[in-house]
Amino acid sequence: MSKEIGITSKKSEDFSEWYTQVVIKAQLADYAPVKGLIVLRPYGYSIWEFLKSSVDQKLKATGHENAFLPVLIPESLLSREATHFAGFTPEVFWVTYSGDSEIGDRLALRPTSETLAYSMYSKWIKSWRDLPLKINFWNSALRAEIKATKPFLRTSEFLWQEGHTVHAEKEEAENEVTSILEMYRKTVEEELAIPVILGKKSDKEKFVGAIYTTTMESIMPDGKALQMGTSHFLGQNFSKPFDVKFLDRQNVETFAWQTSWGISWRLIGALIMVHGDDKGLVLPPRVAPIQAVIIPIYSSQEDKDSVLNKASEIKENISKGGIRVHLDSRDEFTPGYKFHDWEMKGVPLRIEIGPKDLSKNKVVLARRDNMKKTDVAFEVLVDGTINALNDIQSDLFARAKTILSSKTKDVTEFSQFKKEIENGMFVRSPWCGSQKCEETIKEDTGADIRVIPFDAKSSEFPCIVCKSPSKTTAMFARGY
RNA sequence: GGGGACGUAGGUCAGCUUGGAUAGACUGCCAGCCUCGGGCGCUGGAUGUCGUGGGUUCAAGUCCCAUCGUCCCCA
């Protein structure tokens, strides 16, 4: 028995080490030769593709188009909006040479594309008839992470989509911000089975250059909050410096209203953390590259022939039922080895078929999430598989929801607040709205405001820090 | 921002304290067997710029200096 090839750390004991092992050993990604960069392997990329296609379909259905922007942005352009530039400059990679000659206006490897996109938009938009303009970019962004890198969660380059829209009316732009966030929520909850909390960021935490930022947040099992996607209302903060303006119906030159929004492969990190266990990855069926794996069991040559025959037949049937199924016919591994292997990779369903099953016209169906095994007759196998996958998807979501609510605490006393943050809780507390109190909390506890939920009500209790009347309730946690 | 650890086979690491001849283990990999229902067993095989550069020494994986890189923890 060789444990080395499996996950050797426990999720509950050494979370960080456990996480890294799952990423590497389930073959989602590998470390690149440059610090802070990872290589996405086919299995990991495949998960990204499911996520991508789900978002992509929804974007296209709502009138968004895809396009592509170059990776290099001249400094003169990046610095045009001062707040934005100041916020990003510490983590920008600069290209300063082309060949042997130094570049005068040095080039940034895009940390985000607002500036580049809007300099183009200003050329493309002339009339109210050109609006709304709704373009999405699937690309990568680069932000230098010097310390504390972690696959998918903190890397110096990451895959994402960034949407940039332009509207004639303020209200229309704000509706866009909201409906994109709602689309994100739907995707994350329905596909990844991760429950999220929607709301606004505080002014301190909002996107640099935005009027406000809406966000979806969740808390991870190690007690750190993860920002899972953001949708920003930019107002006219960018349209003015970038000259994104149009002639309206009254022939008046008007600055446009803008939004930008994005999700990244961070969501894969969340997926691993939320659903994974000591055996490795646990994938929700909707994003699992392989939804069911068939493991044939045999010893003698006759058994092998008959089992593999039936297994192929089953594979075909299930596949026709719209399920992504794989038959593991590798001869060099024992069934036990394969069980562990596919469990580590998080395949939601395993179908075992051996001589004993053949004689009874059934298979053994084993669920990855709860390890339960059931016998299923050949005739009902397709439906049985589909039902099991649906059950797994909803059970995973239900369990994650329970965990989220058990990690959410309402607190009105600062001493209690500190304790709960220390325990890795998502703490909901009254807040006066001042940045000073926010900073005090950050200094004293390491926590910041993750989200001010949309449904937050002003509390009867005073601000958790300064004891002056509270304006709202906010959710605090230490973050990734 | 502060701290800690590490770099030796594809992977995980031992060897370094106290320098010594051909650098090891497990795992993985390759070939062949095996009645393969939870990492089964057996036989044989291939695999190393000991991170890099310099120094000390008769002799350096081991000691010294420099350098590059990686991982982890804490605010």
Side-chain angles (χ1 to χ4, degrees), chain A residues 1-9 13-27 29-39 41 90-91 144-156 222-224 277-280 293-308 310-311 327-345 347 350-360 362-368 371-376 418 421-422 424 438-448 476-480:
Chain A
M1 194 157 92
S2 49
K3 293 282 186 201
E4 283 80 7
I5 44 177
I7 309 297
T8 56
S9 299
E13 287 169 9
D14 189 350
F15 187 80
S16 190
E17 171 66 18
W18 169 86
Y19 175 83
T20 308
Q21 282 197 20
V22 173
V23 170
I24 304 295
K25 292 186 173 176
Q27 297 182 356
D30 203 351
Y31 289 106
V34 178
K35 177 178 171 56
L37 299 183
I38 59 169
V39 175
R41 301 184 65 173
E91 46 190 21
E145 291 288 348
I146 315 298
K147 304 201 77 174
T149 64
K150 194 152 275 276
F152 297 118
L153 302 174
R154 280 187 105 81
T155 48
S156 289
D222 62 343
K224 284 190 196 162
D277 64 19
D278 288 349
K279 284 171 170 284
V293 63
I294 303 171
I295 311 288
I297 298 160
Y298 52 80
S299 49
S300 70
Q301 187 63 42
E302 307 108 80
D303 281 349
K304 178 178 171 180
D305 290 343
S306 53
V307 167
L308 280 180
K310 190 67 192 178
L327 169 58
D328 187 354
S329 57
R330 291 177 295 178
D331 206 23
E332 66 271 30
F333 295 115
T334 61
Y337 180 95
K338 294 175 182 174
F339 292 173
H340 283 274
D341 194 35
W342 293 111
E343 279 164 3
M344 189 160 71
K345 290 187 172 144
V347 173
R350 179 177 70 237
I351 299 167
E352 303 171 18
I353 176 163
K356 294 178 207 165
D357 303 301
L358 275 187
S359 65
K360 292 182 199 158
K362 56 97 178 171
V363 298
V364 175
L365 214 57
R367 278 173 62 155
R368 174 64 181 89
M371 299 290 170
K372 282 189 181 140
K373 291 188 181 188
T374 45
D375 286 349
V376 179
K418 275 185 176 173
I421 292 292
E422 206 57 49
E438 206 178 343
E439 279 159 8
T440 304
I441 286 171
K442 178 73 178 172
E443 279 163 31
D444 284 11
T445 68
D448 37 38
F476 299 82
R478 290 179 184 157
Y480 264 96

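Naming convention: chains lettered A, B, ... in sequence-line order (proteins, then strands); numbering from 1 in each chain.
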*Where along nucleotides 69-75 of chain B does protein come under 4.0 Å, by heavy atom, of base (B) or sugar-phosphate alone (S), with - for untouched nucleotides?*
-SSSS-S
_Under the criterion salt bridge (Lys or Arg N to Asp or Glu O under 4.0 Å), I'd like the reasoning laid out for A/K356 against A/D303: C-alpha separation, chi angles, the key distance, then a yes or no._
CA-CA 10 Å; A/K356 294 178 207 165; A/D303 281 349; over 6 Å; no
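The same atom, P, is picked in B/rG7 and in B/rA14; the two are 7 Å apart, to the nearest Å. Rounded to a whole angstrom, the distance from the C1' atom of B/rG61 to that of B/rA23 is 8 Å. Comparing B/rG38 with B/rA5, their C1' atoms are spaced 36 Å from each other, to the whole Å. With C1' as the reference atom, B/rG10 and B/rG28 are 7 Å apart, rounded to whole Å. B/rC16 and B/rC30 are spaced 34 Å apart, taking the P atom of each and rounding to whole Å. Between the P atoms of B/rG39 and B/rA75, the separation comes to 42 Å (whole Å). Rounded to the nearest Å, the gap between the C1' atom of B/rC73 and that of B/rG19 is 35 Å. Using atom C1' as the reference point in both B/rG41 and B/rU35, the two lie 13 Å apart (nearest Å).
By the 4.5 Å heavy-atom criterion applied to side chains, A/W342 and A/I295 are counted as neighbours. A heavy-atom distance below 4.5 Å is not found between the side chains of A/T445 and A/F476.
In this structure, CD1 of A/I297 is placed 13 Å from C1' of B/rU35, rounded to the nearest angstrom. Atom P of nucleotide B/rC36 and atom CG of A/D328 are separated by 18 Å, given to the nearest angstrom. Whole-Å rounding puts the A/E332 CD to B/rC33 P distance at 14 Å. Across the protein-nucleic acid pair, A/I7 atom CD1 and B/rU12 atom C1' stand 14 Å apart, rounded to whole Å. Atom-to-atom, CG of A/D331 to P of B/rG32 comes out at 11 Å; the value is rounded to the nearest Å. As rounded to whole Å, 7 Å separates atom C1' of B/rG37 from atom NZ of A/K373. Rounded to a whole Å, the CG atom of A/D357 is 13 Å from the P atom of B/rG37. Atom CD in A/Q27 sits about 14 Å away from atom P in B/rG11, given to the nearest Å.
A salt bridge between A/R350 and A/E343 is present, with a side-chain N of the basic residue lying under 4.0 Å from a carboxylate O of the acidic one. Between A/R478 and A/E422, at least one side-chain N (NZ, or NE/NH1/NH2) sits under 4.0 Å from a carboxylate O, which counts as a salt bridge. For A/K360 and A/D375, the salt-bridge test fails: no basic side-chain N is under 4.0 Å from an acidic carboxylate O.
A stem is defined here as three or more consecutive Watson-Crick or G-U pairs, each with both distances under 3.5 Å; for RNA chain B these stems are B:1-7 with B:68-74, B:10-13 with B:24-27, B:29-33 with B:41-45, B:51-55 with B:63-67.
Qualifying side-chain contact (heavy atoms from CB on, under 4.5 Å) partners for A/T440, counting only residues two or more places apart in sequence or in other chains: A/D444, A/V465.
No side-chain donor from either of A/Y337 and A/D328 sits under 3.5 Å from a side-chain acceptor of the other.
With A/Y31 as the fixed residue, the side-chain contact (heavy atoms from CB on, under 4.5 Å) test singles out one of A/V39, A/I24, A/V23: A/I24.
Of the possible polar contacts, none joining the A/D305 side chain to the A/E302 backbone as a donor-acceptor pair under 3.5 Å is found. A donor-acceptor contact shorter than 3.5 Å links the side chain of A/K25 to the backbone of A/G6.
Candidate nucleotides B/rC36, B/rG38, B/rG37 were compared by shortest atom distance to the side chain of A/V364, and B/rG37 ranks first. Considering only side-chain atoms of A/Y298, the nucleotide from B/rG37, B/rC36, B/rG38 that sits closest is B/rC36. The A/K356 side chain lies nearest to B/rG37 when the options are B/rG37, B/rC36, B/rG38.
Place A/Y337 and A/K304 on RNA chain B by their nearest nucleotides, and A/K304 ends up nearer the 5' end. Comparing A/F333 and A/D341, the nucleotide of RNA chain B nearest to each residue sits closer to the 5' end for A/F333.
Looking at heavy-atom distances under 4.0 Å, A/R350 makes contact with a base.
Donor-acceptor pairing under 3.5 Å, judged by distance alone, is absent between the side chain of A/D303 and the base of B/rC36.
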